Amino acid sequence: MSDLNEQWLDLRSDTVTRPSAAMRAAMHAADVGDDVYGDDPTVNRLQDYAADLFGHEAALFAPSGTQSNLLALLAHCGRGDEYLVGQEAHTYRYEGGGAAVLGSIQPQPIVNQPDGGIALADIDAQIKPDDFHFARTRLLALENTIGGRVLGADYLKQATDLAHARGLATHLDGARICNAAVQQGVSLRAAVAGFDSVSVCLSKGLGAPVGSILCGSKLLIAEAKRWRKMLGGGMRQAGVIAAAGLYALEHNVARLAEDHANAAYFAGELAKVKGITVSTPQTNIFYVDIPADACKGLGDVFALTRIRVSMAPHLRIVTHMDASRADIDRAINVFGDFFG
Ligand SMILES: *Cc1c(COP(=O)(O)O)cnc(C)c1O
């Protein structure tokens with residue numbers, strides 16, 4: 001491929017990955033039908049494959065992670081219900097307030113601990129009693145990975161057990177759950193254990209151009225499917241994009257370890273550069289703290305050297321399959337030269 005993007009290194013997100021030649025071939029070869037009629041064999045294969053992979057009864061293909069999360073919230077909660085969610089969570093902070101706007105669902109945001117989790121005592125304290133002064137607390141929503149951090153298996157078990165014991169359902173925003181599973185060396189089923197539903201992005205580190213998958217019980221997925229149609233997410237010959245998602249789940253999960261190794265190498269080299277502070281990556285995301293007065297100059301050098309970053313004093317760096325070790329060395333040199 002000879003497009004101009006090819007010459008740029010993009011460290012803003014793993015959403016920037018473009019479909020590989022093999023993935024495009026799978027898309028090209030996909031059998032298709034009208035998925036609103038349930039006729040698309042490739043969408044059906046993807047949904048069956050994902051349901052099995054994540055250990056749920058059923059799955060639903062959605063055009064985005066935002067919609068997939070919203071479908072779950074709408075399926076779990078009704079008007080006047082409440083969901084418990086981290087203050088930093090994507091479903092609370094970065095999805096346009098969709099649960100409140102479109103679902104009349106009240107979020108109860110709770111502070112995230114430094115490790116990304118929500119303290120069990122905080123979850124417990126925020127579950128409202130059965131009293132008409134309060135919204136009905138229906139759901140606990142967690143996110144893994146969150147800001148690149150992996151929530152531990154023990155914590156996840158305790159949090160989901162607590163929620164279930166108090167009559168709540170549980171949803172996992174698992175946009176990057178495959179990164180978490182690979183980092184922990186556990187199966188995808190084990191990584192989502194304890195959750196009644198899970199949303200997984202195919203379009204991030206897994207490298208598909210578009211799409212997310214929502215997994216849950218047959219009943220929950222049937223409800224989510226109604227909402228998907230209402231939201232305009234009923235797609236027709238969606239097999240062409242589902243084929244990319246299927247390819248991503250079949251071929252691109254284990255290789256996330258490379259992205260994690262590249263992030264560890266990248267952060268390790270940056271830690272040697274004076275004048276900046278670097279977080280220790282657990283997966284493919286880490287942060288570099290840069291003096292505010294250096295941001296403009298550094299941003300200019302990045303642009304000149306064809307490296308895309310979301311320049312900020314607390315700079316997020318994301319590694320992915322379209323950022324090779326050689327690319328990363330190039331970025332390390334920019335930091336080294338600028339602060340050297
Ligand atoms: C990207 C992301 C989403 C939303 O996915 P889109 O496909 O961009 O709508 C949801 N949750 C988390 C944690 C994400 O990183």
Side-chain angles (χ1 to χ4, degrees), residues 10-19 46 50 54 59-74 76 83 85-99 101-103 107 109 112 115-118 139-151 156 170-183 188 191-192 195 197-215 224 227-228 231-233 235 238 241-242 244-245 248-249 252 256 259-260 263 281-287 310 316-321:
D10 198 332
L11 298 169
R12 291 172 300 175
S13 179
D14 45 12
T15 56
V16 302
T17 47
R18 278 157 295 139
L46 168 62
F54 291 96
L60 187 66
F61 186 45
S64 70
T66 299
Q67 187 177 100
S68 176
N69 277 325
L70 180 59
L71 298 177
L73 295 171
L74 290 168
H76 282 295
Y83 79 112
V85 61
Q87 187 83 46
E88 298 171 23
H90 203 280
T91 68
Y92 173 62
R93 236 184 131 96
Y94 303 108
E95 297 183 4
V101 174
L102 300 166
N112 288 94
D115 68 1
I118 305 173
L139 178 75
L140 170 67
L142 294 176
E143 182 175 317
N144 196 19
T145 65
I146 176 161
R149 293 161 296 186
V150 180
L151 303 181
L156 290 170
T170 53
H171 172 68
L172 178 66
D173 178 357
R176 296 189 179 84
I177 191 62
C178 298
N179 295 86
V182 166
Q183 193 265 358
L188 295 172
V192 305
F195 288 95
S197 57
V198 53
S199 168
V200 182
C201 282
L202 303 167
S203 59
K204 297 200 165 152
L206 296 182
V210 61
S212 279
I213 273 281
L214 178 66
C215 301
W227 288 114
R228 187 185 67 171
L231 293 171
M235 298 179 284
I241 51 175
L249 286 176
N252 290 346
L256 292 171
D259 301 343
H260 301 171
Q282 295 176 22
T283 56
N284 67 327
I285 300 176
F286 65 96
Y287 292 84
S310 304
R316 185 178 86 151
I317 301 265
V318 186
T319 58
H320 51 75
M321 67 172 76

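Atoms within each ligand, like the ligands themselves, are counted from 1 in listed order. Keep in mind it's a predicted model, so treat the numbers as computed, not measured.
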Go through it in stages, so that I can follow the logic: the residues are M235 and I241, the test is side chain to side chain contact (heavy atoms under 4.5 Å, CB included), and I'd like the CA-CA distance, side-chain angles, deciding distance and then a yes or no.
CA-CA 10 Å; M235 298 179 284; I241 51 175; 4.1 Å; yes

Under the side-chain contact (heavy atoms from CB on, under 4.5 Å) test, residues paired with P209 that sit two or more places apart:
P19, M23, M27, A244

When you look for protein heavy atoms under 4.0 Å from ligand 1, which residues do they belong to?
S64, G65, T66, N69, H90, E95, E143, D173, A175, R176, C201, K204

Just jot down the side-chain contact (heavy atoms from CB on, under 4.5 Å) partners of T283, sequence neighbours excluded, or say none.
T145, V150, N179, Q183, H260

R149: partners by salt bridge (Lys or Arg N to Asp or Glu O under 4.0 Å), with sequence neighbours left out
E88

Would you kindly say whether H320 and D10 are connected by a side-chain donor-acceptor distance under 3.5 Å?
no

Is L142 close to T170 at the side-chain level, that is, under 4.5 Å between some pair of heavy atoms?
no

